[in-house]
Amino acid sequence: MSDGFLPRWSLKTEGVVMPDERLPTGHMVVVGLQHVVAMFGATVLAPILMGFDPNVSILFSGIATLIFFVVVGGRVPSYLGSSFAFIGPVLVATGASVGSPNPNIPLALGGIIAAGALYFLIGLLVQLAGHRWIERLMPPVVTGAIVAAIGLVLAPIAINSASGVTPDNQNGSDFARWIALATVMAVGLMAVYAPGIWRRLPVLIGGVLGYLIYFICANVLGLGQAIDFSKIGQAAWFGLPSFQSPVFDMRAISLIAPVAVILVAENLGHIKAIGAMTSRNLDPYLGRAFMGDGVATMLSGSAGGTGMTTYAENMGVMAVTRIYSTLVFLIAAAFALLLGLSPKFGAFIGTIPGPVLGGLSIVVFGLIAATAGRIWVENRVDFSNPRNLITVAVALVLGAGNFKLNVAGFTLDGIGTATFGAIILYHLLNMAPSTADRTETVH
């Protein structure tokens, strides 16, 4: 990498593309679009579950990614989107129901801004005091467990979408499940057997193939609910989403602000994973990454958007494509801005059937969980040590089961309990040498 504020991206036409390298422009645009597809489902789903306007969140995901890119000096390849860690606390703070219109969004926005501010301060402390203390607090065994738990806690969302589960149909349908599996197969076949550049675009092309399969089966053969294209014609080409202003309420702030701790662990795990994938030490950028994410979250919350976080979904795309160029995320951010400002484009993306998104989510969320294995292997985590084994085991089950806990009025969902559980349990078990350690010392 160059010594300037931004890297000088060198051209690469084959093999692994590192953060300071780039593909030819046409290929970069297509890869950037693939990242938009990868982030779209989660970035839209999180605000829908909280009762927010999805278009606002899409718009601010693009803005957040640009802010992050600038703050880290273009060194860390990441896309920022809606954080699922906010869902539980926001619903509790606003008294809203899952998936229903939220009349108290301004209260949530005040809490989201407070979480962003706390996140920024933690990042500033890391930047000033170094990142070693945060690594001691959350070593690789813990960050890997948290990353795996995040993938597992998202798994039911993917399965429900893949199964066609809706409020009116809790059992889903076999048609939806077959479409989702067809989409998964399409992604896998493209990733392994596609020629040349097509092999780098498995999520995008797999999604297109899944969409076409669904269209033929549903719209042509009548085997499922047909895709409704009417909203595309009714939507305007350009228009602003519905912005809202925050209200600062201490109860809502006390419920939502602690999410910053989860975001720190989440982001730490993501950057460690990206460092493992690229074989580069990105630790010096941890503080700047936290600060960039914090600023992005505050800005998003100031106008009606959700809290932002670096997206593991896009890490999954990088793991498959082996394209880590940070320039790709500028292109993805530009697409997101267009999407957020274009109701017609948003309406078109909105026609993607749930089972297709579910199939893509199965792959991407699975890759998130699998990234934990790479963290453990790269850092040579010893699973013969019971403290490591028990820490990971407990975190995985807390995440997979979405274990929820109420603490002083603050509700932790599976991501939160897995995060705090892994941190606390690891250090509790690390207070004194274990019997296994003493035995090893004797030998």
Side-chain angles (χ1 to χ4, degrees), residues 36 39-40 42-71 78-87 89-91 93-94 96 99-121 123 235-250 252-253 255-257 259-260 263 267 290-311 329-330 332-347 349-350:
V36 174
M39 70 84 181
F40 182 82
T43 297
V44 169
L45 182 60
I48 288 176
L49 293 177
M50 291 184 280
F52 285 52
D53 182 352
N55 259 40
V56 175
S57 293
I58 293 173
L59 177 67
F60 276 99
S61 75
I63 295 173
T65 301
L66 294 176
I67 291 173
F68 184 88
F69 178 89
V70 172
V71 174
S78 285
Y79 189 91
L80 271 65
S82 305
S83 171
F84 280 79
F86 284 93
I87 294 176
V90 164
L91 292 176
T94 59
S100 301
N102 193 331
N104 297 315
I105 287 178
L107 289 177
L109 298 180
I112 289 171
I113 292 173
L118 178 58
Y119 195 5
F120 176 86
L121 291 176
W237 281 103
F238 294 102
L240 291 173
S242 302
F243 297 119
Q244 295 200 47
S245 300
V247 170
F248 295 95
D249 175 81
M250 285 309 301
I253 290 174
L255 289 171
I256 299 173
V259 172
L263 297 181
N267 204 341
F290 295 165
M291 289 191 288
D293 203 346
V295 170
T297 293
M298 286 188 284
L299 184 61
S300 177
S302 68
T306 57
M308 294 291 161
T309 187
T310 50
Y311 250 28
F329 296 96
L330 289 183
F335 275 120
L337 293 176
L338 289 174
L339 179 60
L341 294 172
S342 177
K344 187 175 289 292
F345 188 34
I349 297 296

Please list, chain by chain and in numerical order, all residues satisfying side-chain contact (heavy atoms from CB on, under 4.5 Å) with L66, sequence neighbours excluded.
L330, A333, L337

If you define the side chain from C-beta out and look only at heavy atoms, does anything of S82 sit under 4.5 Å from Y311?
yes

Looking at side-chain heavy atoms only, is the closest gap between L299 and I67 below 4.5 Å?
yes

Out of curiosity, L121 CG to M291 CE, how far, rounded to the nearest 0.5 Å?
10.5 Å

How far does OG1 of T306 sit from CD1 of I58, to the nearest 0.5 angstrom?
10.0 Å

I need the M298 CE to L109 CG distance, nearest 0.5 Å.
14.0 Å

What is the minimum heavy-atom distance between L80 and A296, and which atoms define it?
CD2-CB, 4.0 Å

For the residue pair P343 and G239, what are the closest heavy atoms and their distance?
CD-N, 3.6 Å

What are the two closest non-hydrogen atoms of P103 and P106, and how far apart are they?
O-CD, 4.4 Å

Closest non-hydrogen atom pair, L341 against L59:
CG-CD1, 3.8 Å

Is the backbone of L107 close enough, under 3.5 Å, to the side chain of N104 for a donor and an acceptor to pair up by distance?
no

Counterpart residues, side-chain hydrogen bond (donor to acceptor under 3.5 Å, both in side chains), relative to T94 (two or more places apart)
N102

Tell me, please, which residues at least two apart from Y79 pass side-chain hydrogen bond (donor to acceptor under 3.5 Å, both in side chains).
S61

Can you tell me how far OG of S302 sits from CD1 of I113, rounded to the nearest 0.5 angstrom?
5.5 Å

Of all the heavy-atom pairs spanning S57 and G305, show the shortest one and how long it is.
OG-CA, 4.3 Å

Can you name the ring-ring contact (aromatic ring centres under 6.0 Å, His included) partners of F60, sequence neighbours left out?
none

So do T309 and F86 actually touch side chain to side chain, heavy atoms under 4.5 Å?
no

Could you tell me which residues satisfy side-chain hydrogen bond (donor to acceptor under 3.5 Å, both in side chains) with T310, sequence neighbours excluded, listed by chain and number?
N267, H270

On a heavy-atom basis, the closest approach of Y119 and L263 is OH-O, 3.3 Å

Atom pair CE (M308) and OG (S83), whose distance is rounded to the nearest 0.5 Å:
9.5 Å

Sequence neighbours excluded, which residues qualify as side-chain hydrogen bond (donor to acceptor under 3.5 Å, both in side chains) partners of S300?
none

How many angstroms lie between atom CG of L118 and atom CZ of F290, to the nearest 0.5 angstrom?
12.0 Å

